[in-house]
Protein chains: 2
Amino acid sequence: MRLFARIVERRSFTRAAADLSLPRSTATEAVQQLEARLGVRLLQRTTRSVVPTLDGEAYYRRCLKLLDDLDETENAFCRASPRGELRVDVQGALARRFLLPGLPAFLAAYPELRLRMTEGDRLVDLVAEGVDCVLRLGTPAESGPSGGMAARRVAVLPEITCAAPAYVERHGAPRTPADLSRHRMVGFSRPEGGWHPLEVTENGAVRQVQVSADIVVSSAESSLAMGLLGLGLIQLPRYRAEEHLACGALVEVLADHPPTPTPVHLLWPRDRQLSARTRVFIDWAAARFEGVG
Amino acid sequence: MRLFARIVERRSFTRAAADLSLPRSTATEAVQQLEARLGVRLLQRTTRSVVPTLDGEAYYRRCLKLLDDLDETENAFCRASPRGELRVDVQGALARRFLLPGLPAFLAAYPELRLRMTEGDRLVDLVAEGVDCVLRLGTPAESGPSGGMAARRVAVLPEITCAAPAYVERHGAPRTPADLSRHRMVGFSRPEGGWHPLEVTENGAVRQVQVSADIVVSSAESSLAMGLLGLGLIQLPRYRAEEHLACGALVEVLADHPPTPTPVHLLWPRDRQLSARTRVFIDWAAARFEGVG
DNA sequence: CTCCATTATTCGTAAAGTCGAATAGTGATG
DNA sequence: CATCACTATTCGACTTTACGAATAATGGAG
């Protein structure tokens, strides 16, 4: 049943089988067996596309409810350590900084839990992608439509404005937002063209300031690298800058006029029952961000 | 889960395993595995008694609901011929007369159905006995407490009053209920002592008439046998008398003053979802009584 | 108190299910 | 129009599960 539901959701035997870590053949055989038992064709399938029949659609809905109820009773009585495979998709840099160091302890605490972690930063369709939980930077609403998923804000990362010492030597350090007109920044490209403006807090309000850029990049990694090379001002979460501030490779500027802090969210499907696996992961991951921002 | 529920209901691994046609060992292993997975002890068991723990009791209730929902979806989509084992308990004579002749055709129509038929006439506790459906004579309420079971009246058997020709030769045939005082009957013993009186319809109302008996028996078979020997008047369903009326071994008396007809009921547990098996059996059995009474 | 019938459990064997590679079919592409 | 990449399916090898007889434990009867 769980397999059948996954097949309907992903419109594919192969992807569904991969989600559940099963061989393709098992998916085929299971569906054949299910259809034989019910005496009804549930999936209209060619080698190219899998589409549920009317019966299949209706059966899928009832499956969802049944599986949900089942998971609920399992969770209600399960005092045992969670087991099985958990799939999470995380923003890479964030995970490397906050999650990875504690992962060995987490996995040791739940020895029967297997973790499959992928990296990404777009807002994925959780059920369509077969992911239990995602860790994302930014406000969920602005990352895309977050229909049907629950969110938990685990941290608000303070951002800072920085420049390399080499840049400051040449252009000086801005002391007020007004000074920015005489400065350069490392551009971070926007999908709609151009680049994201700098953000500054002035009299308690955040204002966007467009500053000319000699270079525009499209990844946070590159932006930092360009900043370190002295190509302009950059804005980034404090935790990413910290090591470079400590060794003097970057200096903070406009400390009294910080950009808007970036929230960090954990997201998971709200409509389906939360498995014990996902629950312990969410609690643990949230704890890793405790006291940050 | 189904096995666990059965074990709780029957308070025994052995009986539950027998109900589901499984070896005892499978029951043991399944419960051990279930408890291991949940990490909770569900059944407090010695070799002599099996009692659910508090957790087990709660889990059992949720199991019931889940299994019920599951059966409901299975039935809703199952266009295939029903399969598996069906257990029915029937009143013997009734079954032999009305059901048995059609059984081969029924089993042929559902080749994947296995039938286990037992004979009895007390009102069994369906879930405790592990029976899917019972066929009974009489009104359910008077057979005992019929809590939680659905009933379907499939026939109302007309009863008649009879005597053997030898009896009529000696005592004459009663023409009115008033004549009964000079007659004898074959007694059918009541649990509370004595024997059931004769019943006669007079002016549209049924009246009970106590008639002296030289012999009191405790089974319908014996009652008929004694009647055939001319030991007194007997009252019985018309279908049982028919062959003897045809060959002249019995003659009907007081035809205008018949006893109350006896209803025939099919009973099944109302609280749990009706399986496809049970459903087709009920429909078929009911049809076998079509036009009778 | 002992024995006995009955029960849950264990263990070696057999069948079923699961798996991975090879096969056949389909829709887009050059 | 042929090719290609991808898909669902099939089949043989294998692991897991279910089975049946033997074992240990328990509560009542003599």
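So that the names make sense, note that chain A is the first sequence line, chain B the second, and so on, each numbered from 1.
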Testing the basics here: between [X] and [Y], what is the closest heavy-atom pair and its distance to 0.1 Å?
X	Y	result
Pro82(A)	Tyr110(A)	CD-CD2, 3.4 Å
Ala286(B)	Leu266(B)	N-CD1, 4.0 Å
Asp69(A)	Lys65(A)	OD2-NZ, 2.6 Å

Of the options [options], whose atoms approach the side-chain atoms of [X] most closely?
X	options	value
Thr14(B)	dT26(C), dA8(C), dA8(D)	dA8(C)
Glu29(B)	dC19(D), dT7(C), dT10(D)	dC19(D)
Arg15(A)	dT9(C), dT7(D), dT9(D)	dT7(D)

Q) Can you pull the side chain to side chain donor-acceptor pair (under 3.5 Å) pairs that have at least one residue in residues 24-34 of chain A, sequence neighbours excluded? A)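 Not a single pair qualifies under side chain to side chain donor-acceptor pair (under 3.5 Å).
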
[X] near the nucleic acid: base, sugar-phosphate alone, or nothing, with a heavy-atom cut-off under 4.0 Å?
X	value
Arg48(B)	base
Arg24(A)	base
Ser12(A)	sugar-phosphate
Thr46(B)	sugar-phosphate

[X] [atom1] - [N] [atom2] separation (whole Å):
X	N	atom1	atom2	value
Phe13(B)	dT26(D)	CZ	C1'	15 Å
Arg6(A)	dA8(D)	CZ	P	15 Å
Gln44(B)	dT9(C)	CD	P	11 Å
Gln33(A)	dT9(D)	CD	C1'	15 Å
Arg45(B)	dT9(C)	CZ	C1'	9 Å
Arg10(B)	dA8(C)	CZ	P	12 Å
Leu34(A)	dT9(D)	CG	P	13 Å

(Q) Assess whether a salt bridge exists between Arg87(B) and Glu85(B), defined as any Lys/Arg side-chain N lying under 4.0 Å from an Asp/Glu carboxylate O. (A)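 Salt bridge flag = yes for Glu85(B) with Arg87(B).
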
For [N] and [X] - does any side-chain N or O of the residue sit under 4.0 Å from the phosphate oxygens OP1/OP2?
X	N	result
Gln32(A)	dA8(D)	no
Thr26(B)	dC19(D)	yes
Ser25(B)	dA21(D)	no

Q: By nearest nucleotide on DNA chain C, pick out whichever of Arg11(B) and Leu22(A) is the more 5' one.
A: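 Closest to the 5' end, via its nearest nucleotide, is Arg11(B).
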
